[in-house]
K.L.:
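Please see the structure below; I have some questions.
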Amino acid sequence: EPEVTQTPSHQVTQMGQEVILRCVPISNHLYFYWYRQILGQKVEFLVSFYNNEISEKSEIFDDQFSVERPDGSNFTLKIRSTKLEDSAMYFCASSDGAGGGTDTQYFGPGTRLTVL
Amino acid sequence: AQSVTQLGSHVSVSEGALVLLRCNYSSSVPPYLFWYVQYPNQGLQLLLKYTSAATLVKGINGFEAEFKKSETSFHLTKPSAHMSDAAEYFCAVRSGTSYGKLTFGQGTILTVHP
């Protein structure tokens, strides 16, 4: 069964460094998402991406964040200058857009980002 | 604005007992509702979703949920818990734009005792 994959599974970085989190969505999917979960808190929406542009973003997704689909398979989240509060589990998700409002988002296993 | 509240961050049941995980939503438009499960070191997996076709929704692994508009609830149940059901469960709502963001509850960790 097709699945969303994410690399790395765990990333440790120093405050102020740039990180890129990578995701490979399911191959025929058209909509892509990033969510994050700070330890002990809710899963929060960051951004959605469709047709090579951001379709929606949350207040969390400020100028330090960017997303890109550099080729036909990868979907990346870049944090330009990491802060301690960016430490979280980051989930990538994708959907095929076929079901309208009940469209299912398929999630990857997550990347745990630790900022020291 | 939409929101989800899951009552109980931890639920513990005995194997074979009824599982009931509570979810209440708030939405200004008819909602689309989802339950996801997360097993250790894995991503979020869809259990079931409310499509407005039927108020009682059956999902994978014997779980089901009933949409009650009057109570703004979408509680998840399973008649008989298995040890393999131990995981974290998330209720989520989507309203408004199709293909839009999911808004999650805080999650409920289900523990199953032998």
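By convention in this document, chain letters (A, B, ...) are assigned in the order of the sequence lines, proteins followed by strands, and residues within each chain are numbered from 1. Since we're looking at a predicted model, the values are computed, not measured.
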K.L.:
Can you hop from A:I26 to A:Y31 via hydrophobic side chains spaced under 4.5 Å?
P.N.:
no

K.L.:
Quick check on the hydrophobic clustering: are B:V37 and B:M83 connected, directly or via other members, by side-chain heavy-atom contacts under 4.5 Å?
P.N.:
yes

K.L.:
Under a 4.5 Å heavy-atom cut-off, does chain A meet the side chain of B:Q45, its backbone, both or neither?
P.N.:
neither

K.L.:
Can you say whether A:Y50 sits under 4.5 Å from chain B via the side chain, the backbone, both, or neither, judging by heavy atoms?
P.N.:
neither

K.L.:
If you count the non-hydrogen atoms of other residues, nucleotides and ligands that lie under 6.0 Å from CD in A:E59, is the total more than 12?
P.N.:
no

K.L.:
Could you list who else is in A:L46's hydrophobic cluster, with ILVMFWY side chains joined at under 4.5 Å, directly or through other members?
P.N.:
A:M15, A:V19, A:L21, A:F32, A:W34, A:V47, A:F49, A:I54, A:I60, A:F61, A:F65, A:V67, A:F75, A:L77, A:I79, A:L84, A:Y90, A:L113, A:V115

K.L.:
Mind checking the OH-OG1 spacing from B:Y32 to A:T104? Nearest 0.5 Å is all I need.
P.N.:
12.5 Å

K.L.:
Does B:L48 belong to the same Ile/Leu/Val/Met/Phe/Trp/Tyr cluster as B:Y39, with side-chain heavy atoms less than 4.5 Å apart forming each link?
P.N.:
yes

K.L.:
Looking at CZ of A:F107 and CD of B:Q42, how far apart are the two atoms once the value is rounded to the nearest 0.5 Å?
P.N.:
14.5 Å

K.L.:
Would you mind checking which part of B:Y50 comes under 4.5 Å of any heavy atom in chain A, side chain (CB onward), backbone (N, CA, C, O), both or neither?
P.N.:
backbone

K.L.:
Could you measure the distance from the NZ atom of B:K101 to the OG atom of A:S58? Nearest 0.5 Å is fine.
P.N.:
7.0 Å

K.L.:
So which bits of residues 70-81 of chain B come within less than 4.5 Å of chain A, counting non-hydrogen atoms only?
P.N.:
none

K.L.:
Looking at A:D103 and B:K49, what are the two nearest heavy atoms and their distance?
P.N.:
C-NZ, 4.4 Å

K.L.:
Side-chain contact test, heavy atoms from C-beta onward, threshold under 4.5 Å: evaluate it for B:F90 versus A:V43 and give yes or no.
P.N.:
yes

K.L.:
I need the contact set between residues 103-112 of chain B and chain A: heavy-atom distance under 4.5 Å, sorted by residue number.
P.N.:
B:F104, B:G105, B:Q106

K.L.:
Heavy-atom distances under 4.5 Å only: say whether A:Q37 touches chain B with side chain, backbone, both or neither.
P.N.:
side chain

K.L.:
Taking side chain as C-beta onward, heavy atoms only, is A:Y35 less than 4.5 Å from B:L102?
P.N.:
yes

K.L.:
Do the side chain of A:Q105 and the main chain of B:G100 share a donor and acceptor less than 3.5 angstrom apart?
P.N.:
yes

K.L.:
Taking CG in A:D63 as the centre, count heavy atoms belonging to other residues, nucleotides or ligands within less than 6.0 Å. Is the count above 12?
P.N.:
no

K.L.:
With ILVMFWY side chains joined below 4.5 Å, transitively, what does A:I20's cluster contain besides itself?
P.N.:
none

K.L.:
Does B:L20 belong to the same Ile/Leu/Val/Met/Phe/Trp/Tyr cluster as B:Y36, with side-chain heavy atoms less than 4.5 Å apart forming each link?
P.N.:
no

K.L.:
Given the rule that I, L, V, M, F, W and Y join up when any side-chain heavy atoms are under 4.5 Å apart, are A:M89 and A:L39 in one cluster?
P.N.:
no

